[in-house]
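To start, the structure itself, in structure tokens.
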Amino acid sequence: MTAIDDHRLLDVRNVRHLYGKPGGGGQLVLDDVDLALFNNEIVGLLGRSGSGKSTLLRSIAGLIQPTSGEITFPEGSAASPTRVSMVFQSFALFPWLTVQENVEVGLEAQRVAPEERRRKALAAIDLIGLDGFENAYPKELSGGMRQRVGLARALVVDPTILLMDEPFSALDVLTAETLRTDLLDLWCEGRMGIQSILMVTHNIEEAVLMCDRILVFSSNPGRIVAEIKVDMPQPRNRQNPAFRRLVDSIYARMTQRGAGDERQNDGLFPGLGIGMVLPRVSTNTMAGLIEAVSAQPFGGKADLPDLAEALHFEADELFAIAETLQLLRFAELEGGDIRLTPDARRYAEADVDARKQLFAQHLITYVPLAGHIRRVLDERASHHAPGHRFRDELEDLMSEEDAAQTLKAVTNWARYAEAFAYDESADLFTLDDPA
């Protein structure tokens with residue numbers, strides 16, 4: 001492709017998006033987002049799950065309407081509008097249609113004549129490497145082949161901008177790498193006919209491998225907190241020292257605390273008190289990470305990129321586990337490193353019962369919702385409390401989905417620690433043989 005030029009294809013200005021009722025317990029997912037997409041560039045939206053990246057992409061695609069702000073296409077006109085097409089994470093194919101019929105869907109919606117539809121669809125299928133599979137059904141294809149069909153369907157309508165929502169995250173590592181390489185080859189050779197690509201990812205290496213610019217999003221709500229230019233020619237080598245340095249610097253940027261950050265005791269979790277949204281991280285996973293960092297070659301402190309590579313974790317998965325350990329005061333995150341606290345080192349060396357006691361102490365002390373539930377149970381003569389009591393409290397502070405996830409997370413952690421029990425069939429919390 002030619003060098004990036006100053007032709008703006010897309011302008012996003014002051015976009016905010018609120019899920020739920022405005023002014024009444026709604027959840028702000030995007031706040032004051034500004035971005036521009038120029039001709040001949042691949043731009044990555046990099047951030048954690050829940051940072052609103054996919055919401056922004058769907059807004060640009062016209063699938064949802066943002067609460068406020070503007071999304072415009074400066075180069076488009078009534079006579080020659082900017083065309084946008086999207087590749088989804090979940091393939092989104094119609095199982096009852098063949099490969100060719102799936103690819104033709106968009107053309108049929110545009111009322112393209114059957115013979116022209118067929119010609120364009122076959123050309124797109126050939127372009128993405130599925131020649132010979134035109135009459136196969138999705139169930140007959142591997143995950144990588146199904147995503148190629150999704151890509152062909154997006155390209156066949158001759159889009160100006162290609163939007164991709166974590167297009168490789170549902171694939172195994174080798175298949176994803178092959179598809180990334182093939183896509184980059186098509187892009188660099190100018191064979192796809194599109195002018196720019198805007199992609200969502202939570203994979204730091206993928207962003208550095210593919211993108212000309214990376215926009216880093218914060219979470220809850222999603223805001224652009226950094227713009228990073230990737231000044232490396234394609235194809236890029238993951239082992240190149242410059243590549244590794246950039247990956248390391250992005251890890252560091254995504255784990256640093258900003259100046260004046262008042263969230264001293266809740267890691268990088270949004271909010272204080274019981275309004276903190278908790279991730280779905282199992283106690284087994286937390287224990288495994290403590291053991292891995294405690295053991296050699298790390299010896300209690302690890303560089304997050306090295307740890308992700310050693311344990312085969314995506315950055316998003318690793319951040320969630322590491323920040324949960326930080327919340328529990330079993331770890332400290334700073335500058336792209338994770339360092340175990342003395343209590344975490346004791347946990348790694350302890351037996352099962354001692355681990356549970358230590359985890360229970362940290363859970364009740366440092367996780368506000370767990371401490372709140374335990375106090376309510378301690379104060380009641382029956383040592384019982386209905387689940388809806390806490391669920392209703394959480395839903396006043398977050399979305400219904402986040403409330404359910406948060407309550408389930410703290411319940412599972414408490415069960416492991418024997419801090420309190422929960423009977424799902426009765427929807428009842430009890431102080432049943434607490435640690």
Going by heavy atoms in the side chains, are [X] and [Y] under 4.5 Å from each other?
| X | Y | result |
| --- | --- | --- |
| E317 | H202 | no |
| F168 | L183 | yes |
| P159 | V84 | no |
| D212 | N40 | no |
| M286 | W413 | yes |
| P66 | I71 | yes |
| R355 | Q357 | no |
| E418 | F359 | no |

| Once the angle between the rings of F330 and H362 is folded into 0 to 90°, is it parallel (under 30°), tilted (30 to 60°) or perpendicular (over 60°)? |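 Parallel, since the angle between the ring planes stays under 30°.
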| said: Over 60° means perpendicular and under 30° means parallel, so tell me whether F429 and F390 are parallel, tilted or perpendicular. | reply: perpendicular
| query | Does the pair V208 and I228 meet the rule for a side-chain contact (heavy atoms from CB on, under 4.5 Å), with working shown? | reply | CA-CA 10 Å; V208 175; I228 300 164; over 6 Å; no
Rounded to the nearest 0.5 Å, what separation is found between the [atom1] atom of [X] and the [atom2] atom of [Y]?
| X | Y | atom1 | atom2 | answer |
| --- | --- | --- | --- | --- |
| L30 | T67 | CG | OG1 | 8.5 Å |
| R180 | M210 | CZ | CE | 7.5 Å |
| E400 | L394 | CD | CG | 11.5 Å |
| T406 | R280 | OG1 | CZ | 9.5 Å |
| E41 | L198 | CD | CG | 9.0 Å |
| L184 | E189 | CG | CD | 10.5 Å |

If I compare all heavy atoms of [X] with all of [Y], which pair ends up nearest, and what's the gap?
| X | Y | answer |
| --- | --- | --- |
| A370 | F420 | O-CE2, 3.7 Å |
| R191 | L127 | NH2-CD1, 3.7 Å |
| Q405 | P279 | NE2-CA, 3.6 Å |
| E70 | V15 | O-CG2, 3.8 Å |
| R153 | A92 | NH1-O, 2.9 Å |
| S85 | V157 | OG-CG2, 3.8 Å |

Salt bridge present between [X] and [Y] (N-O < 4.0 angstrom):
| X | Y | answer |
| --- | --- | --- |
| D343 | R346 | yes |
| R339 | E332 | yes |
| E177 | R238 | yes |
| E393 | R389 | yes |
| D31 | R16 | yes |

N/O donor-acceptor pair under 3.5 Å between [X] side chain and [Y] backbone:
| X | Y | result |
| --- | --- | --- |
| S294 | E291 | no |
| E104 | K120 | no |
| S218 | V225 | no |
| N102 | F94 | yes |
| D34 | N14 | yes |
| E349 | A344 | no |
| R391 | L407 | no |
| E134 | G132 | yes |
| R329 | T341 | no |
| R415 | Y422 | yes |

Crowded around [X] [atom1]? As in, over 12 foreign heavy atoms under 6.0 Å?
| X | atom1 | result |
| --- | --- | --- |
| E401 | CD | no |
| E309 | CD | no |
| F243 | CZ | yes |

| message | Go through it in stages, so that I can follow the logic: the residues are R148 and D182, the test is side-chain contact (heavy atoms from CB on, under 4.5 Å), and I'd like the CA-CA distance, side-chain angles, deciding distance and then a yes or no. | response | CA-CA 10 Å; R148 287 177 186 270; D182 289 351; 2.6 Å; yes
Side chain to side chain contact (heavy atoms under 4.5 Å, CB included) with [X]: which of [options]?
| X | options | answer |
| --- | --- | --- |
| D165 | R58, M199, K53 | R58 |
| M164 | T201, I197, L45 | I197 |
| L10 | V43, L35, L163 | L35 |

| request: Using the side-chain contact (heavy atoms from CB on, under 4.5 Å) rule, take H372 and R374 through it: C-alpha gap first, then chi angles, then the decisive distance, then the call. | output: CA-CA 5 Å; H372 174 57; R374 179 60 186 260; over 6 Å; no
| request: Mind running side-chain contact (heavy atoms from CB on, under 4.5 Å) on E323 and L327 for me, showing each step along the way? | output: CA-CA 6 Å; E323 289 178 6; L327 171 67; over 6 Å; no
